Amino acid sequence: MLKETSIHKNQIILQTGYFDLKQTFECGQCFRWNEVEQGHYIGLVKDKVLEMYQVGQEISFYNTDEKDFKDIWVDYFDLNRNYEELIEEISKEKIMKAATEYGKGIRILCQDEWETLISFIISANNNIPRIKKILERFSKLFGQKMCYKGEEYYTFPTPESLQGITEKDLEEIKSGYRAKYIIDAVQKVNESQVDLYNLKNLETGEARKELLKIKGIGPKVADCILLFSMRKYSCYPIDVWIRKVTEKLYFKRECTPKEIQKFAEDMWKDNAGFAQQYLFYYARNQL
DNA sequence: AACCAGGTTATAA
DNA sequence: TTATAACCTGGT
């Protein structure tokens, strides 16, 4: 995967295919990366402001160093996986072949569990611009301020920092009825009713069962959390788009989530989550 | 004004 | 177990 990595003073350069910033950041798995201009993104991960550029197959990391690259970014961007091989493996038929051809620069990020949990609770019955705004206000209100090049960025608030918040405290982020779900999540995580940061070590079904204890987390949101923050790549989150595209392209009829679930499992096994992302991106932009 | 947007919850068949 | 209505908010 890492064809060539070179390290300069403030810049790490990656030569690689199968990594496109736009596709990776805008395929719907994350909400806090912003495009400054074409091929230029700034995001905040943990307590790091990372600036990235892409020109052709060359991707540059700024405001970071070799240590963080090894300790954080390789893991976060899933850089040790061979996506060429992966795509080859799941693209046995022409539909997935078309989807992977269209979105071959997508990588599934390994994001923070708590941030992913809150983000996808907020995503329910909502639209992307508003999800991003709510998360922005949430971070600004409760997160820690970071400055970079004269701009302010905010870390994602930890569960501990949110201990004791009320619906009234959350009014100004305008998350609507989802506020009480956020509060339930804070409580259950802080009281270890859900051992969030250990779930990745559990079997997928067990981890899902734990997530479902939190109000506002149903099957779709749980699968997103498992897939985007815990490397549970067998999960195939079924939202309206995936349902539509799976019905239209594969079943050619209406079907139940249960049928779709089984289909994805049989078809792509432990790589169903990757297939889901390629299909989702393909469906949203091409259908 | 009515409807929709990355679903979930609460109720009822 | 599966089906349906209601749901904050902001945009069209």
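All values derive from a computational prediction rather than experimental measurement. In what follows, chains carry the letters A, B, and so on, assigned in the order in which the sequence lines appear, proteins first and then strands, with residues in each chain numbered from 1.
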If you take all heavy atoms of [X] and [Y], which pair is closest and at what distance?
X         : Y         : result
Pro237(A) : Ile242(A) : O-CG2, 3.8 Å
Ser229(A) : Gln111(A) : CB-O, 3.1 Å
Lys46(A)  : Leu44(A)  : O-CD2, 3.1 Å

Any base atoms under 4.0 Å from [X], or only sugar-phosphate, or nothing? Heavy atoms, all strands.
X         : value
Gln29(A)  : base
Lys174(A) : sugar-phosphate
Phe31(A)  : base

Distance in angstrom units between [X] [atom1] and [N] [atom2], rounded:
X         : N       : atom1 : atom2 : value
Asn127(A) : dC3(B)  : CG    : C1'   : 13 Å
Asp223(A) : dT8(B)  : CG    : P     : 9 Å
Ile131(A) : dG11(C) : CD1   : C1'   : 14 Å
Ile134(A) : dG10(C) : CD1   : P     : 8 Å
Arg284(A) : dA5(B)  : CZ    : P     : 9 Å
Ile182(A) : dC8(C)  : CD1   : C1'   : 12 Å
Asn126(A) : dT8(B)  : CG    : P     : 13 Å
Glu136(A) : dG10(C) : CD    : P     : 14 Å

Mind checking what makes ring pair (Phe, Tyr, Trp, His ring centres under 6.0 Å) contact with Tyr233(A), not counting sequence neighbours?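 Applying ring pair (Phe, Tyr, Trp, His ring centres under 6.0 Å) to Tyr233(A) gives Phe274(A).
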
Tyr53(A): which residues meet the ring pair (Phe, Tyr, Trp, His ring centres under 6.0 Å) condition with it, sequence neighbours left out?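 For Tyr53(A) the ring pair (Phe, Tyr, Trp, His ring centres under 6.0 Å) partners, ignoring immediate neighbours, are His40(A), Tyr62(A).
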
Is the closest basic N to carboxylate O distance between Glu247(A) and Arg243(A) below 4.0 Å?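 A salt bridge links Glu247(A) with Arg243(A).
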
Please state the P separation for the pair dA10(B) and dC8(C) - nearest whole angstrom.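 Approximately 12 Å lies between the P atom of dA10(B) and that of dC8(C).
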
With sequence neighbours excluded, what pairs up with Lys213(A) under the side-chain hydrogen bond (donor to acceptor under 3.5 Å, both in side chains) test?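 Here the qualifying residues are Glu210(A).
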
Can you name the side-chain hydrogen bond (donor to acceptor under 3.5 Å, both in side chains) partners of Glu101(A), sequence neighbours left out?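 Lys104(A).
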
Quick check on Gln193(A): does its CD atom have over 12 non-hydrogen neighbours (other residues, nucleotides or ligands) under 6.0 Å away?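 For Gln193(A), atom CD is crowded (more than 12 foreign heavy atoms under 6.0 Å).
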
If you look only at pairs with a residue in residues 249-272 of chain A, which of them pass as a ring-ring contact (aromatic ring centres under 6.0 Å, His included), with sequence neighbours excluded?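 For residues 249-272 of chain A, and leaving out neighbouring residues, the ring-ring contact (aromatic ring centres under 6.0 Å, His included) pairs sorted by first residue read Tyr236(A)-Trp268(A), Tyr250(A)-Phe263(A), Tyr250(A)-Trp268(A), Phe251(A)-Phe263(A), Phe263(A)-Trp268(A).
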
Do Trp241(A) side-chain atoms and Leu279(A) backbone N/O form a donor-acceptor pair below 3.5 Å?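 No; judged by distance alone, with no hydrogens or angles, the pair does not exist.
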
Residue among Lys215(A), Arg208(A), Lys209(A) satisfying side-chain contact (heavy atoms from CB on, under 4.5 Å) with Leu212(A):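 Single pass found, and it is Arg208(A).
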
Could you check whether the rings of Phe77(A) and Trp73(A) sit parallel, tilted or perpendicular, using 30° and 60° as the cut-offs?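 Tilted, since the angle between the ring planes falls between 30° and 60°.
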
All N/O contacts under 3.5 Å from nucleotides 9-13 of chain B to the protein, with atom names and distances to one decimal?
from: dT9(B); atom 1: OP1; to: Gly216(A); atom 2: N; distance (Å): 3.0

Tell me, what's DNA chain B's dot-bracket, Watson-Crick or G-U with both distances under 3.5 Å, | for other-strand, [ ] crossing? .||||.|||||||

Any residue of residues 240-249 of chain A with a heavy atom less than 4.0 Å from an atom of DNA chain B: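 Contacts with DNA chain B under 4.0 Å: Val240(A), Trp241(A).
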
Quick check on contacts: within residues 254-274 of chain A, what sits under 4.0 Å from DNA chain B by heavy-atom distance?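 Contacts with DNA chain B under 4.0 Å: none.
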
Could you run down the sub-3.5 Å N/O contacts of the protein with nucleotides 5-7 of chain C?
none

In residues 169-176 of chain A, what donor-acceptor pairs under 3.5 Å come from side-chain atoms, sequence neighbours left out?
from: Asp169(A); atom 1: OD2; to: Thr166(A); atom 2: N; distance (Å): 2.9
from: Asp169(A); atom 1: OD2; to: Thr166(A); atom 2: OG1; distance (Å): 3.1

Kindly determine whether Tyr102(A) and Tyr278(A) satisfy ring pair (Phe, Tyr, Trp, His ring centres under 6.0 Å), including the steps that lead there. CA-CA 8 Å; Tyr102(A) 181 74; Tyr278(A) 294 116; over 10 Å; no

Not counting sequence neighbours, list each pair that qualifies as a salt bridge (charged side-chain N to carboxylate O under 4.0 Å, His left out) and has a residue in residues 140-159 of chain A.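 Sorted result for residues 140-159 of chain A: Glu51(A)-Lys149(A), Lys145(A)-Glu152(A).
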
Phe142(A)/Tyr154(A) aromatic ring centres below 6.0 Å: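 They do not qualify: ring centres at least 6.0 Å apart.
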
Of the listed nucleotides dC8(C), dA5(B), dT8(B), the one nearest the side chain of Arg178(A):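 For the Arg178(A) side chain, the nearest candidate turns out to be dC8(C).
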
